Amino acid sequence: MTMRAFITGISGPDLTEAERAFIRAAKPWGFILFKRNVQSPAQVTALVEQLRACAGRAEAPVLIDQEGGRVQRLGPPHWPVYPAGVVFDRLYDLDSSLGLRAAWLSARLIAEDLQQLGITVDCLPLADVPVAGADAVIGDRAYGTTPAKVAAIARAVTDGLEQGGVLPVLKHIPGHGRATADTHFRLPTVDTPETELDATDFAAFRPLADLPMAMTAHVVFSAIDAAHPATTSATMIQRVIRERIGFQGLLMSDDVSMNALAGSIAERTRAIVAAGCDMVLHCNGKLDEMQAVAAETPELAGQALLRADRALAARKTPSGFDRIAARAELDALINRLGPASA
């Protein structure tokens, strides 16, 4: 079946007739949900089914950002609160096995939530390595400040998601930790020398290069390409992401509607595709922008199609799992940190 190389959001908790018509005509590869799309488990399950029915593909991926902490699209009263990445960082400092176990438990529990709704992809784990003075947009979402620790915890998160039947998306490749601005609002430039980037930021992603999907960073790395953020830089995508880091999976952009990118939505979309991203991500649910993305996105073909097919084929059947015992164990681990962990 023909598909176009983009992932789209929608405007609310139910599909409008205009959105139904758009999905049928534009044939996006997948969908992404946000808080505006979420009311209750029954409603989300029905919405996911409707999205796939409109796409005409039962396997169409449905994504969500469900990290825990500040970034959690599913939350109370219907879904539990999950810890931010910094909790795993602190537990790891007490005992590395505790940090890794907590990260796995949290991700496995999240996967259980998503599985019950029909959501098959979580935009997690992060491998960003924050530095002093960086914007707080990453902040407590990070798993630490050293590449080895970040990569180890990110692997535990990956394992938890995968064992729960949910595909991971590695973000924000090749690194958002040094950004001095929130890319939702403006474009940050990192002036760190290439050798230092290779030993820190890029090093955290390298052990995770086998993951099926990754999301780019809207960040300029001036030592490598001073004119373009990684998302629209052919140099960053080929030389750094594909070659130096070694990531060969499906590469999607971060949200094309973020203010870090310049130009119209159509111009941004063309630049993302030309740079070598396999998939354009559009999140805000504005139909005119969705139509502009679709008009400038090619049919999914060639290497991009092969990577997309490989990514979906990597999804595992969930393993047996005692949810109540796992949540109790996670809470006990978090409590070892005391009140500061809340």
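Quick caveat: nothing in here was measured; it's all calculated off a predicted structure. Side chains are part of it too, since the values below use all heavy atoms of this structure and drop only hydrogens, waters and symmetry mates.
In this model, no donor atom of one side chain and acceptor atom of the other lie less than 3.5 Å apart for D254 and T216. In this structure, a donor-acceptor pair under 3.5 Å is absent between the side chains of E67 and Q72.
Every side-chain hydrogen bond (donor to acceptor under 3.5 Å, both in side chains) that H218 has, sequence neighbours left out, goes to T231. Judged as a side-chain hydrogen bond (donor to acceptor under 3.5 Å, both in side chains), and not counting sequence neighbours, the contacts of R323 are Y82, D113. In this structure, the side-chain hydrogen bond (donor to acceptor under 3.5 Å, both in side chains) partners of H184, at least two apart in sequence or on a different chain, are D182. Scored by the side chain to side chain contact (heavy atoms under 4.5 Å, CB included) test, V129 finds V150, A204 as partners (sequence neighbours excluded). Listed by chain and number, the residues in a side chain to side chain contact (heavy atoms under 4.5 Å, CB included) with S257 are D255, I265, H282, N284, E289 (sequence neighbours excluded). Take R270 and apply the side chain to side chain contact (heavy atoms under 4.5 Å, CB included) test, not counting sequence neighbours, and it matches A266, E267, E296.
Residues D278 and R242 are paired through a salt bridge, judged by an N-O separation under 4.0 Å between the basic side chain and the carboxylate. Salt bridge D65/R141: absent, no basic N to carboxylate O contact under 4.0 Å. Taking 4.0 Å as the cut-off between side-chain N and carboxylate O, R90 and D140 do not count as a salt-bridged pair.
Separating the OG1 atom in T200 from the CD atom in E196 is a distance of 5.5 Å, to the nearest 0.5 Å. Considering CG of D159 and CH2 of W104, their distance stands at 9.0 Å, rounded to 0.5 Å.
Under a cutoff of 6.0 Å and an axis angle of 45°, R244 and F202 do not form a cation-pi pair.
In this pair, Y143 and F88 present their aromatic rings tilted. The plane angle is within the 30 to 60° band.
Around atom CZ of R336, no more than 12 heavy atoms belonging to other residues, nucleotides or ligands sit under 6.0 Å away.
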